[in-house]
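All values below were derived from every heavy atom in this structure, side-chain atoms included, with hydrogens, water molecules and symmetry-related copies excluded. Since we're looking at a predicted model, the values are computed, not measured.
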Amino acid sequence: MDLKNKTTSGFILLGLFPSCRYPNLLISFILLIYALASAGNSLLILLIWLDPRLHTPMYFLLSQLSLIDLAYISCTVPKAATNYFTGRRNISFFACATQMFSFLTVGLAECILLTLMAYDRYVAVCNPLRYTILMSPKVCLQMAASTWIGAVAAALVHTVYPMNFPICGSREINHYFCEMPAILRMSCVDTSVYEMVKFVSTIIFLLTPFTLILTSYTLIFLTVLRMNSPKGRNKALATCSSHLTVVSLYFGQAIFIYMTPTSSHTPDQDQVGAVLGTIVTPMLNPLIYSLRNKEVVGSLQKCTGRCCSRDGASSLRCCAQKCPILHLKSEFKSN
């Protein structure tokens with residue numbers, strides 16, 4: 001098939017679980033999760049940006065994670081909902097490639113960022129005297145830039161390669177978005193070489209980060225056990241347990257989908273993994289990090305007006321002084 005025919009044909013997205021008996025209920029539930037995820041991650045980014053107490057490397061990386069989660073869920077859900085309500089399930093070749101590239105970029109960025117967050121906690125707990133040097137604002141910005149640059153480069157390779165495979169027969173994608181395994185299933189050529197490339201890339205971007213994260217937290221827990229302060233021990237464990245929960249949710253589904261051959265799991269299994277990784281996890285992340293974090297909860301309480309009990313002009317002055325949403329002074333620059 002030549003490039004012209006390929007790019008003008010496009011694909012048909014069958015949608016989220018096309019055999020579901022209650023599609024209206026399903027799409028309503030997905031949109032509810034999308035709304036919660038968007039609101040939760042946006043609020044977390046806003047709190048971190050405006051509250052001077054949260055201008056630390058850990059919260060800077062957490063704001064990047066929330067940004068990734070916003071992009072992650074927005075890559076798939078709006079298009080799936082639009083197709084459902086309009087009844088138009090087609091997607092052009094370039095739109096499919098763009099969606100795959102965006103999805104892979106944010107997915108790979110999350111892998112790298114979770115590893116950097118584990119490194120941040122390792123330095124904070126195991127090497128606190130050098131924390132301000134090893135995790136300076138300049139280093140944090142370099143971490144964020146390297147995360148996105150590395151993710152974009154790898155996503156470009158894994159978008160261009162699969163999208164150039166010839167496709168024979170039906171162009172129906174049994175999925176709610178253009179994902180790599182779904183595209184590979186439609187190819188009528190031997191993809192074993194690319195499967196090997198995908199496997200090696202998965203080791204680099206999934207298994208290696210996962211190993212580094214486990215190593216970091218093993219060293220952290222050994223250090224925490226030697227702490228004399230119960231308060232410090234509990235604070236370190238609470239912060240690290242939140243991160244480990246997110247890591248388990250994300251890497252579990254990613255390893256299942258991308259470290260196994262495409263033929264070893266069904267389209268429905270791919271969709272379950274994708275829903276867990278791209279829809280459920282972005283909703284849970286702000287809850288996991290905020291509910292278990294006293295600083296975030298305290299900032300949110302102040303922003304909801306609990307710190308301002310007076311009326312009139314005095315109340316406004318109180319809020320301007322105590323509520324980080326209104327008090328825009330930044331201490332991150334001074335670091």
Side-chain angles (χ1 to χ4, degrees), residues 1-20 23 72 75-84 86-108 111 151-207 253-279:
M1 179 181 294
D2 59 33
L3 183 60
K4 183 178 180 180
N5 290 335
K6 183 186 293 187
T7 56
T8 55
S9 298
F11 302 96
I12 302 295
L13 294 173
L14 296 184
L16 182 63
F17 301 114
S19 59
C20 177
Y72 217 171
C75 286
T76 58
V77 173
K79 175 62 177 175
T82 300
N83 286 358
Y84 176 78
T86 62
R88 298 176 59 185
R89 299 182 298 174
N90 61 300
I91 184 171
S92 68
F93 176 87
F94 289 112
C96 183
T98 301
Q99 188 179 53
M100 184 187 296
F101 172 75
S102 302
F103 171 79
L104 289 173
T105 297
V106 292
L108 293 168
C111 292
V152 167
L156 188 62
V157 173
H158 288 287
T159 300
V160 174
Y161 205 153
M163 293 301 291
N164 278 286
F165 284 136
I167 296 173
C168 305
S170 174
R171 302 180 70 85
E172 293 183 344
I173 300 177
N174 192 359
H175 217 303
Y176 62 98
F177 68 98
C178 288
E179 192 184 27
M180 183 203 308
I183 298 295
L184 292 179
R185 283 196 184 89
M186 298 189 300
S187 176
C188 56
V189 297
D190 183 17
T191 60
S192 58
V193 175
Y194 176 72
E195 291 280 2
M196 182 58 65
V197 173
K198 185 184 78 169
F199 182 77
V200 172
S201 297
T202 305
I203 292 177
I204 296 173
F205 286 97
L206 281 179
L207 199 57
Q253 59 85 25
I255 289 174
F256 169 75
I257 293 178
Y258 293 104
M259 283 207 72
T260 56
T262 303
S263 57
S264 65
H265 36 86
T266 66
D268 285 343
Q269 290 174 330
D270 284 344
Q271 290 211 37
V272 171
V275 168
L276 291 176
T278 65
I279 298 178

Enumerate, atom names and distances included, each donor-acceptor pair closer than 3.5 Å involving a side-chain atom of residues 152-163, sequence neighbours excluded.
unit_1 : atom_1 : unit_2 : atom_2 : d
His158 : ND1    : Tyr194 : OH     : 2.9
His158 : NE2    : Ser201 : OG     : 2.9
Thr159 : OG1    : Ala155 : O      : 2.7

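- Atoms CZ and OG1, from Phe103 and Thr76 in turn, are 7.5 Å apart once rounded to the nearest 0.5 Å.
- For the atom pair Leu13 CG and His175 NE2, the distance stands at 10.0 Å (nearest 0.5 Å).
- Remark: Cys20 engages no residue in a disulfide (SG to SG under 2.5 Å) (not counting sequence neighbours).
- Between Lys198 and Thr191 there is no side-chain heavy-atom pair separated by less than 4.5 Å.
- One distance of note links SG of Cys96 with CD of Gln99; it measures 6.5 Å at 0.5 Å rounding.
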What do the steps show when you test Ser102 against Thr98 for side-chain contact (heavy atoms from CB on, under 4.5 Å), and what is the final call? CA-CA 6 Å; Ser102 302; Thr98 301; 4.2 Å; yes
Let's go through Phe17 and Gln271 carefully: what are the C-alpha distance in whole Å and the side-chain angles of both, what is the deciding distance for side-chain contact (heavy atoms from CB on, under 4.5 Å) to 0.1 Å, and is it a yes or a no? CA-CA 7 Å; Phe17 301 114; Gln271 290 211 37; 3.7 Å; yes
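- Remark: Cys111 engages no residue in a disulfide (SG to SG under 2.5 Å) (not counting sequence neighbours).
- Between Leu16 and Pro23 there is no side-chain heavy-atom pair separated by less than 4.5 Å.
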Residues Thr278, Cys75; criterion side-chain contact (heavy atoms from CB on, under 4.5 Å); working and verdict: CA-CA 9 Å; Thr278 65; Cys75 286; over 6 Å; no
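- Considering only heavy atoms from C-beta on, Ile12 stays 4.5 Å or farther from Arg171 through its side chain.
- For the atom pair CD1 (Ile167) and SG (Cys188), the distance works out to 8.0 Å, reported to the nearest 0.5 Å.
- When all heavy atoms of Tyr72 and Gly277 are compared, the pair lying nearest together is CE1-O, 3.8 Å.
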Would Phe165 and Val189 satisfy side-chain contact (heavy atoms from CB on, under 4.5 Å), going step by step from the backbone distance to the final call? CA-CA 7 Å; Phe165 284 136; Val189 297; 3.9 Å; yes
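- Proximity of Asn83 to Tyr176: side-chain heavy atoms (C-beta onward) are nowhere separated by under 4.5 Å.
- In this structure, Arg185 CZ and Glu179 CD are separated by 8.5 Å, a value rounded to the nearest 0.5 Å.
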